[in-house]
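This one's a predicted model, so the numbers in the text were calculated from it and none came from an experiment. Values reported hereafter were calculated over all heavy atoms of this structure, with side chains retained and with hydrogens, waters and symmetry mates removed.
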Amino acid sequence: MGVVNVTPDSFSDGGRWFDTTTAVTHGLDLVAGGADLVDVGGESTRPGATRVDEDEELRRGVPVVRALTAEGVVVSVDTMRASVAARAIDAGAALVNDVSGGLADPAMVPAVAAGGVPFVVMHWRGFSHDMNSRAVYGDVVGEVVAELALRVEAEVGAGIPPERLVIDPGLGFAKRAEHDLSLVAGLGALRSLGRPVLVARSRKRFLGHVLSDPEGVPPPAEGRDAATAALSAIAAYAGAWAVRVHDVPATADAVRVAHAIASAT
Ligand code: PMM
């Protein structure tokens with residue numbers, strides 16, 4: 001899954017694909033680089049981010065979804081708003097990716113159920129402006145699995161068939177670096193929920209933390225792509241359904257190698 005953030009302020013690529021034409025060209029480049037799916041978002045969820053208003057989110061994302069779909073690209077829409085999800089589905093989106101797992105907008109789950117598309121349920125404990133204060137866990141893997149299981153149950157109860165649900169541990173969302181690392185190591189426990197797992201760790205803070213120099217200074221976001229590709233291989237080898245990344249070609253190769261090794265064992 002390649003990422004097109006149609007935002008001025010996303011943490012690693014904010015502002016780079018902010019107009020429709022540039023965003024569409026970038027989405028096509030991601031497909032040419034090996035992406036099977038392009039995730040289009042109009043709202044940044046970086047730590048501390050404040051919310052964009054609904055009209056602006058629609059204006060940013062929907063034309064990009066429509067144009068990429070018209071080019072034959074499989075598009076997912078990254079949104080916490082039911083109205084944006086519904087308009088994106090009308091414009092051709094094949095999947096809805098909600099970082100709040102349906103919690104931010106009570107109309108989201110009914111909208112996705114009505115739209116008949118798959119839904120990515122990410123582990124989420126609250127909006128970005130204060131999510132770091134919620135990064136408190138005794139057993140992070142156990143708690144994330146239990147909280148995701150509750151979301152899956154609620155969504156199935158609200159009309160989304162279980163076979164349309166994908167789960168995501170939400171790396172970096174109300175998680176510190178050590179939590180993210182434990183969740184990557186514990187991917188098997190997430191898979192025990194019986195749903196495909198999406199892992200989105202591209203360029204994130206915990207990679208910066210691992211790669212920090214002796215003074216503790218992390219490399220900039222774009223300096224984390226080799227590490228992202230390595231982690232993509234680990235996730236693919238551990239059975240992830242998809243990895244969501246900004247730099248596609250390296251990850252596409254890494255995933256291919258991981259699959260080749262997995263099928264040789
Ligand atoms: N992270 C971001 C945005 N969307 N969607 C899913 N399913 N999982 C994530 O972890 C996730 C996401 C924030 O990162 P970005 O600024 O790189 O898009």
Supply the members, apart from [X], of the Ile/Leu/Val/Met/Phe/Trp/Tyr cluster built from side-chain contacts under 4.5 Å; use none for a lone residue.
X      : result
Met122 : Met80, Val99, Leu103, Trp124, Phe127, Met131, Phe173
Tyr237 : Val257, Ile261
Val120 : Met1, Leu37, Val74, Leu95, Val166, Leu198, Trp241

Nearest-0.5 Å distance, [atom1] of residue [X] to [atom2] of residue [Y]:
X      : Y      : atom1 : atom2 : result
Glu57  : Glu43  : CD    : CD    : 5.0 Å
Ile89  : Thr69  : CD1   : OG1   : 11.5 Å
Asp98  : Ser76  : CG    : OG    : 11.5 Å
Arg244 : Asn97  : CZ    : CG    : 6.5 Å
Phe119 : Glu155 : CZ    : CD    : 5.0 Å
Thr45  : Arg51  : OG1   : CZ    : 10.0 Å

Tell me, which pairs form a ring-ring contact (aromatic ring centres under 6.0 Å, His included) where one or both residues lie in residues 51-94, sequence neighbours left out?
none

ring-ring contact (aromatic ring centres under 6.0 Å, His included): pairs with one or both residues in residues 184-221, sequence neighbours excluded:
none

Path from [X] to [Y] over hydrophobic side-chain contacts below 4.5 Å:
X      : Y      : result
Leu183 : Val210 : yes
Val73  : Val65  : yes
Val52  : Val62  : no
Val121 : Ile160 : yes
Val4   : Val24  : yes

Heavy-atom count around Glu153 CD within 6.0 Å, excluding the residue itself: above 12?
no

Heavy-atom neighbours of Asp130 CG exceed 12 at 6.0 Å:
yes

Between Asp90 and Arg87, is there a side-chain N and carboxylate O pair less than 4.0 Å apart?
no

Salt bridge check: are Arg59 and Asp55 linked by an N-O gap of less than 4.0 Å?
no

So, for [X] and [Y], which heavy atoms are closest and what is the spacing to 0.1 Å?
X      : Y      : answer
Pro118 : Ala94  : CD-O, 3.1 Å
Gly2   : Val248 : CA-CG2, 3.8 Å
Gly170 : Lys175 : O-NZ, 3.0 Å
Ser83  : Leu58  : O-CD2, 4.1 Å
Leu211 : Ala227 : CD1-CB, 3.7 Å
His259 : Ala236 : NE2-CB, 4.3 Å

With a 3.5 Å distance limit and no angle check, can you tell me whether [X] reaches the backbone of [Y] through a side-chain donor-acceptor pair?
X      : Y      : result
Asp180 : Leu171 : no
Arg125 : Ala174 : no
Asp213 : Glu215 : yes
Thr228 : Arg203 : yes
Arg224 : Pro219 : yes

Can you check whether Ser202 reaches Leu207 side chain to side chain, under 4.5 Å on heavy atoms?
no

Can you confirm whether Val40 sits close enough to Arg60 that some side-chain heavy atom of one is under 4.5 Å from a side-chain heavy atom of the other?
no

Worked check of side chain to side chain contact (heavy atoms under 4.5 Å, CB included) between His246 and Asn5:
CA-CA 9 Å; His246 302 85; Asn5 283 320; 4.0 Å; yes

Step by step, would you call Val112 with Arg164 a side chain to side chain contact (heavy atoms under 4.5 Å, CB included)?
CA-CA 10 Å; Val112 174; Arg164 284 208 205 118; over 6 Å; no

Donor-acceptor pairs are to be reported for all side-chain atoms of residues 185-193 against protein atoms at under 3.5 Å, with residues two or more places apart or in another chain.
unit_1 : atom_1 : unit_2 : atom_2 : d
Arg191 : NH1    : Ala238 : O      : 3.4
Ser192 : OG     : Ala189 : O      : 2.4

